[in-house]
> 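Okay, handing you the structure first.
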Amino acid sequence: MAQLIDGKAISGAVKEQIAQQVSSMQEEQGITPGLAVVLVGEDPASAIYVKNKEKACEEVGFYSEMYTLPTSVTQQELEDLIHTLNEKEDIDGILVQKPLPKGLDEKALVNLIRPDKDVDAFHPENVGHIMQGDFHFLPCTPAGVMELLRASDVNPQGKRAVIVGRSDIVGKPMAMLLLHQNATVTICHSKTQNLAEVCQEADILITAVGKTGLITGDMVKPGAVVIDVGINRDAKGKLCGDVDFKSVEPKASYITPVPGGVGPMTISMLLKNTLAAARLHSGL
Ligand code: GUN
């Protein structure tokens with residue numbers, strides 16, 4: 001039986017720490033960290049994520065601005081908004097929720113965000129910092145995974161880590177963070193041959209694909225730590241990850257549930273980055 005990694009509780013503890021730091025920043029310097037979130041279109045999952053981000057800002061005492069724009073918004077209008085937010089003194093962090101509707105150039109927009117306000121760490125300058133290991137901002141979801149490992153006393157040093165999924169948001173930066181902590185890292189993707197065999201080698205198995213039931217018990221080494229970044233709906237419409245929990249849980253030593261695993265961590269890492277940005281902007 002695996003031990004469940006409680007992302008909700010671990011995220012709650014991080015948020016509590018952040019709230020305390022915000023409170024003393026306000027008292028001592030009169031500074032309140034500010035986050036601007038831009039949501040375009042009506043993707044229901046994105047709407048939920050953005051709402052959760054707004055709620056989390058409130059919980060820790062941040063100032064936040066939400067920009068909910070229709071699909072008909074133009075690239076130019078979005079670029080103008082980014083320029084405005086770049087200059088706004090009360091905004092320390094800017095986040096454009098992905099994915100953007102078709103026809104909008106996501107990359108061009110992210111590249112306009114001032115790197116010192118890029119709390120998602122998606123700007124090429126920040127991606128470069130992640131490669132080099134001298135972080136300004138940590139990529140939120142991979143940083144959340146690292147925090148879960150740390151909270152569970154799992155040290156990646158010398159371990160075989162296998163990541164399934166090579167996205168810019170999760171897979172690639174995840175590999176870097178694990179590498180910086182001296183894991184031996186393999187990244188698998190849709191063209192990987194013998195996925196099951198590669199996964200069986202993993203001491204730490206991280207999956208971020210978006211495919212229900214992708215990882216089954218026979219693919220998992222006994223005692224492996226299994227981290228599920230997937231957020232999917234099963235046939236009954238219930239939220240689930242990439243991991244077939246029923247068959248994997250008996251083999252793993254630690255496992256994250258979906259929901260309540262990685263998801264809550266992503267938001268607390270975003271708050272952490274926004275706090276770091278506020279510190280940077282206030283010269284602390
Ligand atoms: N869409 C899914 N995950 C993320 C994230 O971490 N940041 C942004 N901006 N969009 C996302």
Side-chain angles (χ1 to χ4, degrees), residues 7 11 14 34-57 62 64-69 71 73 78-79 81-82 85-86 91-102 104-115 117-127 130 135-148 163 165-174 176-177 206-211 227-233 239 241-242 256 258-259 261-274 276-277:
S11 167
V14 174
L35 176 70
V37 178
V38 180
L39 170 66
V40 184
E42 271 144 33
D43 179 55
S46 289
I48 294 170
Y49 296 150
V50 165
K51 205 151 199 72
N52 288 340
K53 286 168 185 171
E54 187 177 16
K55 197 170 134 236
C57 281
F62 283 6
S64 68
E65 292 180 359
M66 298 289 140
Y67 295 85
T68 308
L69 302 165
T71 312
V73 72
L78 283 171
E79 291 185 2
L81 174 59
I82 298 295
L85 295 173
N86 276 343
I91 292 300
D92 297 293
I94 304 169
L95 179 148
V96 178
Q97 186 65 30
K98 291 188 181 194
L100 285 178
K102 277 200 186 80
L104 292 166
D105 187 343
E106 203 168 82
K107 241 181 199 156
L109 212 58
V110 167
N111 291 1
L112 286 180
I113 297 174
R114 249 171 59 180
K117 291 194 176 189
D118 168 39
V119 286
D120 260 327
F122 290 165
H123 189 285
E125 192 175 312
N126 287 322
V127 174
I130 294 164
F135 311 106
H136 292 209
F137 299 123
L138 286 159
C140 299
T141 301
V145 171
M146 296 310 281
E147 194 70 35
L148 291 178
I163 301 159
R166 57 173 153 182
S167 70
D168 290 335
I169 300 186
V170 184
K172 288 185 208 167
M174 187 75 251
M176 282 303 130
L177 299 196
I206 299 173
T207 172
V209 173
K211 215 170 173 180
I227 308 284
D228 192 348
V229 187
I231 303 178
N232 318 303
R233 300 246 172 220
L239 221 52
D242 295 341
T256 59
V258 178
V262 177
M265 294 307 294
T266 297
I267 294 185
S268 53
M269 295 301 112
L270 170 72
L271 299 174
K272 221 171 165 177
N273 282 344
T274 307

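In what follows, every heavy atom counts, from backbone to side chain, and hydrogens, waters and symmetry copies are set aside. This chain uses plain numbering: 1 for the first residue, then up along the sequence. Numbering of ligands and ligand atoms starts at 1, following listing order.
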> Is there side-chain contact between Pro259 and Pro264, with heavy atoms separated by less than 4.5 Å?
no
> Could you tell me whether Tyr49 and ligand 1 have an N or O pair separated by under 3.5 Å?
no
> Closer than 4.0 Å to some heavy atom of Val96 - which atoms of ligand 1 meet that?
8 (C), 9 (N)
> So Leu239 and Arg233, do their side chains get closer than 4.5 Å, heavy atoms only?
yes
> Among protein heavy atoms, which lies nearest atom 6 (O) of ligand 1, and at what distance?
Asp120 OD1, 3.7 Å
> If you have a sec, work out which protein heavy atom is nearest atom 10 (N) of ligand 1 and how many Å separate them, to one decimal?
Lys98 N, 2.9 Å
> Hey, does Phe122 sit under 4.0 Å from ligand 1 if you only count heavy atoms?
yes
> Would you say Leu177 and Phe135 make side-chain contact, with heavy atoms under 4.5 Å?
yes
> Which one of Leu85, Asp92, Ile94 satisfies the side-chain contact (heavy atoms from CB on, under 4.5 Å) criterion with Lys117?
Ile94
> More than 12 heavy atoms of other residues, nucleotides or ligands under 6.0 Å from CD of Glu42: yes or no?
no
> Check this for me - ligand 1, Gln97, N or O atoms closer than 3.5 angstrom, yes or no?
yes
> Only heavy atoms of Leu95, strictly under 4.0 Å: list the atoms of ligand 1 that pass.
9 (N)
> I want to check something: taking the side chain as every heavy atom from C-beta on, are Val229 and Asp242 in contact at a cut-off of under 4.5 Å?
no
> Nearest protein heavy-atom contact for atom 3 (N) of ligand 1: which residue, which atom, what distance?
Ile169 CD1, 4.3 Å
